[in-house]
Amino acid sequence: MTAQVETVRRSVPEAAASASTVTELGQEISRQVGRLVAHDGYMLSGHDPTSFMGCFLAREHAYDRQSLPRLLDDEFHGRDLHPFSQLANGSSQVGVLGYGTAEGQHSARLHDIMAPQGFAGELRIALVRDGIMWGTLILLRERNRPPFSPADALHAQLLVAPLTEAVKRFVRRLPLYPLRGAQAPGLVVFGSDNGIRAATPTGHDWLRACVPNLHITDAELPVVVWGTTYTARLGDGPKQTLIPTPAGWIVVRGQLLTGGAAGDVAITVQPATVDLLLPVVAAWYGITRRERGVLELALEGLPAKQIARRLSLSPHTVNDHFKAIYRKTGVTCREELIAGLCR
């Protein structure tokens, strides 16, 4: 491994420490990765580790929003090359598509989406760790640039672990608690064309709360919850994802409507409740099954001695679990931890 590669591997996770928004995270990761793998545009996403659905997205000079439904549809049905689900479980977490590759001539994505928008190369990275895909990164090159090379793919593979850690560090730096605010939950109905058919007075505000610090138009709002909308239309029950923001965690739920127009989906957006937040926080912060059991009983108000009896553990072991949770979540005591999760 060259010194340059090792330097970038160290600097990529540190990028999360300087990013206060999803946009800044994407820009800094792009800058660091660009030192090894040149690119003209990117799309960075984070995934809810419990539902495996997207929970944030940063993009710059990338595919337009009209293309996102098509990309997601191809991804879910495996209709094109290098679906992320395949990369996540394969020997390599990197896939390259572009002109000059033997498989490129058979790719609908290359001919129908990339080429019309001026892109000739795409490099995909599944951000995988411990068997979970925590996010994805797509790098793009314009048509006047050389295609991504095997060396680019090798460098990208070496960056999978630090890129994944960067995404996890970014989320762990955000508040631990549900989003604050007294406004009523938002309800938005999306039609089969992905346009907004109806909304409660707070619906648009809640959608914007999912992407703080971004000034987006009403026409762009559906992109915020497109993944939830799309998966709800698959017809196998309600879908949800928890979204981390600088103001706290938000839950987005999607459910296919009955009795209305075909394909109508109702999206509700509101602060995440502690029962929904706990498994997501446990995943992002690396809280173990035993530690989570202690935390669940603490949230019920049980003192350490009763928790020890309930779990057949010694009080010393329970206290060790609490200390580990404090260290992982960055709190200093039980009261601060409980107050944060229940706020």
Side-chain angles (χ1 to χ4, degrees), residues 8 11-47 54-72 74-75 82 84 94-98 109-110 113-127 134-148 152-153 155-156 159-160 162-171 173-174 207-208 210-227 243-246:
V8 174
S11 63
V12 165
E14 295 171 359
S18 62
S20 58
T21 68
V22 171
T23 299
E24 290 178 3
L25 176 68
Q27 292 171 341
E28 186 60 23
I29 282 181
S30 173
R31 187 176 73 85
Q32 296 295 340
V33 172
R35 297 163 64 185
L36 288 178
V37 184
H39 55 277
D40 302 301
Y42 66 86
M43 294 176 61
L44 171 71
S45 72
H47 288 188
C55 61
F56 63 76
L57 174 67
R59 59 192 179 109
E60 188 170 344
H61 190 55
Y63 299 131
D64 59 33
R65 63 181 179 83
Q66 290 84 2
S67 303
L68 299 185
R70 166 71 180 276
L71 291 172
L72 191 58
D74 287 347
E75 174 69 26
H82 310 309
F84 282 111
V94 177
V96 174
L97 174 64
R109 184 167 75 252
L110 176 62
I113 297 177
M114 293 172 59
Q117 296 182 50
F119 298 115
E122 177 195 82
L123 187 148
R124 291 185 161 197
I125 310 174
L127 307 184
W134 301 90
T136 65
L137 178 62
I138 294 176
L139 304 180
L140 296 165
R141 279 186 183 168
E142 296 175 343
R143 298 195 66 168
N144 59 346
R145 300 284 298 277
F148 289 108
D152 291 325
H155 286 150
L159 294 178
V160 169
L163 283 168
T164 304
E165 179 61 21
V167 168
K168 295 183 72 174
R169 284 191 190 182
F170 172 77
V171 172
R173 287 182 61 247
L174 295 172
L207 290 180
R208 288 191 170 87
C210 295
V211 284
N213 305 307
L214 285 182
H215 301 288
I216 58 179
T217 66
D218 286 353
E220 294 171 315
L221 284 176
V223 174
V224 177
V225 293
W226 166 242
I243 297 177
T245 78

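Just so it is clear, the structure is predicted and the values come from calculations on it, not from any experiment. This chain uses plain numbering: 1 for the first residue, then up along the sequence.
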Enquirer: Indicate the atoms forming the closest heavy-atom contact of C55 with I243, along with that distance.
Expert: O-CG2, 3.3 Å

Enquirer: Taking S11 for the side chain and V8 for the main chain, is one N or O donor matched with an acceptor at less than 3.5 Å?
Expert: yes

Enquirer: Of R145, R141, R143, which is the lone residue that meets salt bridge (Lys or Arg N to Asp or Glu O under 4.0 Å) with D40?
Expert: R145

Enquirer: Is the closest side-chain heavy-atom distance between L44 and L163 below 4.5 Å?
Expert: no

Enquirer: Just checking, any donor-acceptor pair under 3.5 angstrom between side chains of S67 and Q117?
Expert: yes

Enquirer: Give me the atom names and distance for the closest heavy-atom approach of A16 to A166.
Expert: CB-O, 3.1 Å

Enquirer: Compare every heavy atom of C210 with every heavy atom of T245, then report the nearest pair and how far apart it is.
Expert: CG2-O, 4.4 Å

Enquirer: Is a salt bridge present between K168 and E165, judged by a nitrogen-to-oxygen distance below 4.0 Å?
Expert: no

Enquirer: Measuring from H39:NE2 to I138:CD1, what's the distance to the nearest 0.5 Å?
Expert: 12.0 Å

Enquirer: Give a yes or no answer on whether the side chain of E75 reaches the backbone of F84 with a donor-acceptor pair at less than 3.5 Å.
Expert: yes

Enquirer: Nearest 0.5 Å please: distance from the CG atom of L127 over to the OG1 atom of T136.
Expert: 6.5 Å

Enquirer: Out of L57, V22, V167, which residue meets the side-chain contact (heavy atoms from CB on, under 4.5 Å) rule with S45?
Expert: L57

Enquirer: Return the minimal non-hydrogen interatomic distance between R65 and V223, and the atom names on each side.
Expert: CB-CG2, 3.5 Å

Enquirer: May I ask you to check whether H61 and F119 place their ring centres under 6.0 Å from each other?
Expert: yes

Enquirer: Mind checking whether H82 and E122 have side chains closer than 4.5 Å, heavy atoms only?
Expert: no

Enquirer: To the nearest 0.5 Å, how far apart are CG in L25 and CZ in F56?
Expert: 6.0 Å

Enquirer: Looking only at heavy atoms, which two atoms of V12 and Q32 are closest? And how far apart?
Expert: CG2-CB, 3.9 Å

Enquirer: Between L36 and H155, which heavy-atom pair has the shortest distance, and what is it?
Expert: O-ND1, 3.9 Å

Enquirer: Please confirm whether the backbone N or O of E24 pairs with a side-chain atom of E28, one donor and one acceptor, at under 3.5 Å?
Expert: no

Enquirer: Distance from L123 atom CG to L139 atom CG, nearest 0.5 Å?
Expert: 5.5 Å

Enquirer: For the backbone of G26 and the side chain of S30, can you confirm whether one donor and one acceptor N or O come within less than 3.5 Å of each other?
Expert: no

Enquirer: Between V33 and Y42, is there a side-chain heavy-atom distance shorter than 4.5 Å?
Expert: no

Enquirer: Would you compute the distance between atom CE of M43 and atom CZ of R124 and round it to the nearest 0.5 angstrom?
Expert: 9.0 Å

Enquirer: Just verifying a value: how many Å separate L71 CG and I113 CD1, rounded to the nearest 0.5 Å?
Expert: 4.0 Å

